[in-house]
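Input: a single structure, listed below in structure tokens.
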Number of protein chains: 2
Amino acid sequence: MSVRKLTSIKDVAKAAGVSVTTVSRYLNRTLDLPLPTRTRIDEAIKSLDYRPNPHARRLSRGRAETIGLVVPDISNPFFATLVAAVEEEADRRSLAVSLHATLNRPGREITYLQLIEHNHVDGLIFATNHHDDGLLAPLINRTGKVVVVDEDVPGALVPKILCDNENGGYLVGQHLAANAHRRVLFVGGSPEMLSAHRRRQGLSRALNERFGDDAELTAYAGDYTVDYGREAARRFLREDRPGSAIFASSDEIAIGLIEVFKETAVSVPEDVSVVGFDDVSPLHLFAPPITTVRQPVREIGKRALEVLLETNWQDPGSFASEELLPVEIVVRNSVAPPAKP
Amino acid sequence: MSVRKLTSIKDVAKAAGVSVTTVSRYLNRTLDLPLPTRTRIDEAIKSLDYRPNPHARRLSRGRAETIGLVVPDISNPFFATLVAAVEEEADRRSLAVSLHATLNRPGREITYLQLIEHNHVDGLIFATNHHDDGLLAPLINRTGKVVVVDEDVPGALVPKILCDNENGGYLVGQHLAANAHRRVLFVGGSPEMLSAHRRRQGLSRALNERFGDDAELTAYAGDYTVDYGREAARRFLREDRPGSAIFASSDEIAIGLIEVFKETAVSVPEDVSVVGFDDVSPLHLFAPPITTVRQPVREIGKRALEVLLETNWQDPGSFASEELLPVEIVVRNSVAPPAKP
DNA sequence: CCGGTACACTAAATCGCTTTACAAGAGAGT
DNA sequence: ACTCTCTTGTAAAGCGATTTAGTGTACCGG
């Protein structure tokens with residue numbers, strides 16, 4: 001509270017009767033000292049309650065000991081879980097996490113990417129949820145030290161940690177096919193988004209395996225939000241139900257769908273089957289419990305930090321990679337065979 | 001990627017033909033310059049793509065332009081929303097947010113509080129979810145620049161932003177009383193926690209107003225978690241249902257209760273009524289939709305940052321305060337009159 | 001007695017910015 | 001003509017670490 005000056009390395013050096021250099025090097029283990037000297041320094045540190053000034057250290061070393069985390073929206077349960085996983089892992093390694101939400105404000109992603117260039121953070125874990133308009137990839141390639149998670153940024157030559165979207169779609173397709181759904185509506189992001197594209201492809205593959213050319217796949221594209229789920233549900237009803245089952249490409253969308261179906265007395269799964277994606281909300285308590293694909297969210301976060309720290313960023317080109325983490329389908333009660341198949 | 005050196009203020013000064021001081025003071029608006037000089041500097045900055053090195057700035061100013069945010073668990077929807085609100089508000093003010101989760105690891109809260117003492121951050125927004133064992137309050141008082149949110153830390157003489165827990169409990173009590181529930185189980189935190197204490201008091205007040213001495217209030221105490229909700233539900237059944245209604249002091253607890261009731265075929269609200277607290281999960285889609293008390297989570301986060309920045313921390317003692325934000329009850333479908341009142 | 005090798009340290013530059021204190025010149029008032 | 005006050009700057013000392021390039025002493029083998 002008072003403006004007492006904090007103890008600096010200089011005070012420690014004086015108290016221990018050595019030079020500042022010695023203390024610094026001892027602390028950074030670049031100098032072996034004989035026991036007596038060591039003890040003197042240790043005691044000085046303890047009695048003065050010395051702790052290195054992080055800003056000075058960062059300026060001097062040119063590193064921030066901080067990693068940046070950019071996500072679309074923290075309050076979304078999916079990203080909240082991702083953030084939690086990254087923070088936990090960073091804390092284990094004594095790194096601070098600087099958190100940034102883009103909230104779909106254009107230009108924000110770019111602003112945050114520039115944090116790296118100016119040494120604000122040592123690296124960035126980056127999640128977007130919309131299609132790159134062409135600015136992101138070059139910037140990412142220029143700045144480096146970025147790990148892309150959850151949604152691909154095409155053209156970015158950096159490590160990417162994604163879930164196995166194709167297989168997720170395929171598992172849903174199989175489950176729907178097993179329940180005799182031949183006509184399916186896919187509600188997801190625009191096809192330029194790799195996640196949406198792959199999920200849809202997996203879905204399509206499974207449906208075709210079962211029904212061949214008789215499979216009918218319709219798609220609506222929009223945001224991964226509750227709002228868009230509502231909109232999609234209304235459109236689905238307005239357009240006379242282009243499908244006996246709906247595969248929502250996120251739980252949020254599924255929640256929106258279900259809200260509207262509830263209001264309009266369309267019952268799930270009797271009138272229409274619904275499957276979600278992510279499994280981060282308490283879908284098992286819904287009426288009915290919602291079948292969904294579980295993403296290994298925490299794994300994604302953890303792995304992203306590992307990769308960020310393990311990658312040798314000196315050797316550009318060496319590190320463009322894509323790691324696919326496995327998904328699983330969690331079957332609950334929102335899928336039933338259609339009334340008239 | 002390459003080790004190109006970033007442009008520093010020195011380069012700008014040289015390019016503009018002025019001194020470093022001039023550039024710095026111009027940028028920090030402590031110096032008015034005539035248009036021509038201004039233009040030269042602006043152009044130098046633009047053409048060199050200069051951006052101040054944050055570490056140098058922080059070292060020099062002794063401020064971090066960063067605020068710390070300490071919460072028990074980020075993946076919990078309540079805290080996720082709080083984090084989102086704080087981040088949003090901080091971003092508006094060009095402050096970075098350094099995020100830390102305690103995850104109930106003992107000692108972590110203290111570690112993070114010390115971030116302030118060593119200038120790591122300029123201030124801290126602090127949320128705990130368990131009873132202080134006596135170490136926290138003195139440390140908070142010593143470090144200052146802390147705003148306590150959500151849960152009280154008794155003895156901490158700093159601003160506190162809480163919700164109106166007593167009224168929350170009262171509203172629930174009224175609603176339950178109106179549905180003829182005379183015997184109520186309160187499942188919440190230990191009574192040493194102010195939130196639990198006040199909610200329970202409000203509940204008790206409403207019940208007494210209606211039933212006088214006939215009101216029967218039982219209490220279970222534990223964590224605000226789904227796990228504890230499950231445990232409480234099992235105990236409730238084992239102990240022969242000490243109440244026709246349960247007031248869960250968080251949505252998480254309510255979710256745990258409902259899970260177990262679902263498994264054991266105890267139906268809500270026919271067999272037992274349930275009310276939650278927080279309203280951050282999609283409780284409206286549950287079966288049945290859960291009645292709960294809505295906390296103004298985002299408001300709490302936003303207000304906390306405002307208070308953190310507006311408080312005059314030079315004048316200790318002046319700022320111990322408690323701000324209560326209003327709550328409202330969201331009536332849905334999980335309360336019905338008891339079978340045998 | 002000399003050169004070499006460890007050992008135990010250190011002086012001083014550096015990181016990039018802020019800030020205090022001061023200065024030179026121009027105009028203004030008396 | 002002389003002092004005063006602006007205006008428009010500047011030099012240099014921090015901030016608190018890290019790090020490079022040494023230094024002085026002691027011992028040791030030949």
Side-chain angles (χ1 to χ4, degrees), chain A residues 3-42 44-45 48-66 94 96 115 117-122, chain B residues 3-42 44-45 48-66 94 96 115 117-122:
Chain A
V3 206
R4 69 203 144 141
K5 223 156 119 28
L6 295 173
T7 64
S8 80
I9 196 172
K10 219 181 279 181
D11 305 315
V12 174
K14 200 171 296 170
V18 293
S19 78
V20 167
T21 313
T22 305
V23 179
S24 172
R25 298 192 52 195
Y26 166 57
L27 256 25
N28 292 291
R29 345 199 152 273
T30 94
L31 183 61
D32 272 340
L33 291 177
L35 189 58
T37 319
R38 222 149 61 202
T39 321
R40 266 169 24 236
I41 297 182
D42 286 340
I45 289 179
L48 295 172
D49 188 30
Y50 166 72
R51 225 132 343 159
N53 177 316
H55 306 316
R57 170 176 253 261
R58 300 209 251 251
L59 172 58
S60 190
R61 306 251 296 226
R63 268 186 284 126
E65 330 246 282
T66 299
S94 307
L115 292 177
E117 294 203 274
H118 296 273
N119 271 131
H120 219 102
V121 300
D122 301 326
Chain B
V3 204
R4 66 200 148 148
K5 223 155 119 27
L6 295 173
T7 64
S8 80
I9 196 172
K10 219 181 280 179
D11 305 315
V12 174
K14 200 170 297 170
V18 294
S19 78
V20 167
T21 313
T22 306
V23 179
S24 171
R25 297 193 53 197
Y26 166 58
L27 255 25
N28 292 292
R29 346 198 151 274
T30 94
L31 184 61
D32 272 341
L33 290 178
L35 190 59
T37 319
R38 223 150 60 201
T39 321
R40 272 180 7 247
I41 297 182
D42 286 340
I45 289 179
L48 295 172
D49 188 30
Y50 167 73
R51 223 127 351 154
N53 176 316
H55 306 315
R57 169 174 252 262
R58 300 208 251 250
L59 172 57
S60 188
R61 307 255 297 230
R63 269 186 282 126
E65 329 246 283
T66 299
S94 307
L115 292 178
E117 294 203 274
H118 296 274
N119 270 130
H120 219 103
V121 300
D122 301 326

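In the text below, chain A, chain B and the rest are named by the order of the sequence lines, each starting its count at 1.
- At least one side-chain heavy atom of A:Ile9 sits less than 4.5 Å from a side-chain heavy atom of A:Ser24.
- Residues from residues 49-56 of chain B that place a heavy atom under 4.0 Å from any atom of DNA chain D: there are none.
- One finds no side-chain N or O of A:Thr22 lying less than 4.0 angstrom from the OP1 or OP2 phosphate oxygen of C:dC9.
- Side-chain nitrogen and oxygen atoms of B:Arg58 include none within less than 4.0 Å of the OP1 or OP2 phosphate oxygen of D:dC15.
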May I have the list of side-chain donor-acceptor pairs in residues 11-19 of chain A shorter than 3.5 Å, sequence neighbours left out?
{"residue": "A:Asp11", "atom": "OD2", "partner": "A:Ser8", "partner atom": "N", "Å": "2.7"}
{"residue": "A:Ser19", "atom": "OG", "partner": "A:Thr21", "partner atom": "N", "Å": "3.3"}
{"residue": "A:Ser19", "atom": "OG", "partner": "A:Thr22", "partner atom": "N", "Å": "3.2"}
{"residue": "A:Ser19", "atom": "OG", "partner": "A:Thr22", "partner atom": "OG1", "Å": "3.1"}

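- Over its full length, the helix from C:dC1-D:dG30 to C:dT30-D:dA1 turns its helical axis through 50°, comparing axes from the five pairs at each end and rounding to 10°.
- Legend: residues meeting salt bridge (Lys or Arg N to Asp or Glu O under 4.0 Å) with B:Asp49, ordered by chain and number and at least two apart, are B:Arg51.
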Restricting both atoms to N or O, compile the protein contacts to nucleotides 5-7 of chain C shorter than 3.5 Å, with distance only.
none

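- At C:dC17, none of the side-chain N or O atoms of B:Ser60 fall inside 4.0 Å of OP1 or OP2 (strictly under the cut-off).
- Interatomic distance, NE2 of A:His55 versus NE2 of B:His120, reported as 7.0 Å (0.5 Å rounding).
- For the residue pair A:Leu59 and B:Ala56, the shortest heavy atom distance occurs at CD1-CB, 3.8 Å.
- The stretch residues 24-38 of chain A touches DNA chain D through A:Ser24, A:Arg25, A:Asn28, each having a heavy atom within less than 4.0 Å of the strand.
- D:dT20 atom C1' lies 15 Å from atom CZ of A:Arg61, rounded to whole Å.
- Rounded to an integer number of Å, the gap from NE2 of B:His120 to P of D:dA17 is 13 Å.
- Closest-nucleotide positions on DNA chain D for A:Ile9 and B:Val23 were compared, and the one nearer the 5' end corresponds to B:Val23.
- Donor-acceptor pairing under 3.5 Å, judged by distance alone, is present between the side chain of A:Thr21 and the base of C:dA12.
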Review point. Do B:Ile41 and B:Tyr50 pass the side-chain contact (heavy atoms from CB on, under 4.5 Å) test, and can you show the C-alpha distance, the side-chain angles, and the key distance before you say yes or no?
Key: CA-CA 11 Å; B:Ile41 297 182; B:Tyr50 167 73; over 6 Å; no

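- Base contact: A:Val20 has a heavy atom under 4.0 Å from a base atom.
- Going from atom CZ of A:Arg63 over to atom P of C:dG16 covers 15 Å, rounded to whole Å.
- On a pure distance criterion of 3.5 Å, no polar donor-acceptor pair joins the side chain of A:Ser8 and the base of D:dA17.
- Between A:Thr39 and A:Leu35, the shortest heavy-atom distance links the atoms OG1-O, 2.6 Å.
- Rounding to the nearest 0.5 Å places CZ of A:Arg63 at 8.0 Å from CZ of A:Arg57.
- When rounded to the nearest whole Å, the span between CG of B:Leu59 and C1' of D:dC15 equals 4 Å.
- B:Tyr26 approaches B:Asp42 most closely through the heavy-atom pair OH-OD1, 2.9 Å.
- The closest donor-acceptor contact from the side chain of A:Arg38 to the backbone of A:Leu33 lies under 3.5 Å.
- In this structure a side-chain-to-backbone donor-acceptor pair under 3.5 Å is present from B:Asp122 to B:Ala64.
- Formation of a donor-acceptor pair under 3.5 Å by the B:Thr30 side chain with backbone atoms of B:Asn28 is not found in this model.
- A distance of 11.5 Å separates CG of A:Leu48 from CG of A:Leu6, quoted to the nearest 0.5 Å.
- Between the P atom of D:dA11 and the NZ atom of B:Lys10 lies a distance of 13 Å, rounded to the nearest Å.
- Nearest approach of B:Glu65 to B:Arg58, heavy atoms of both residues: CB-NH1, 4.4 Å.
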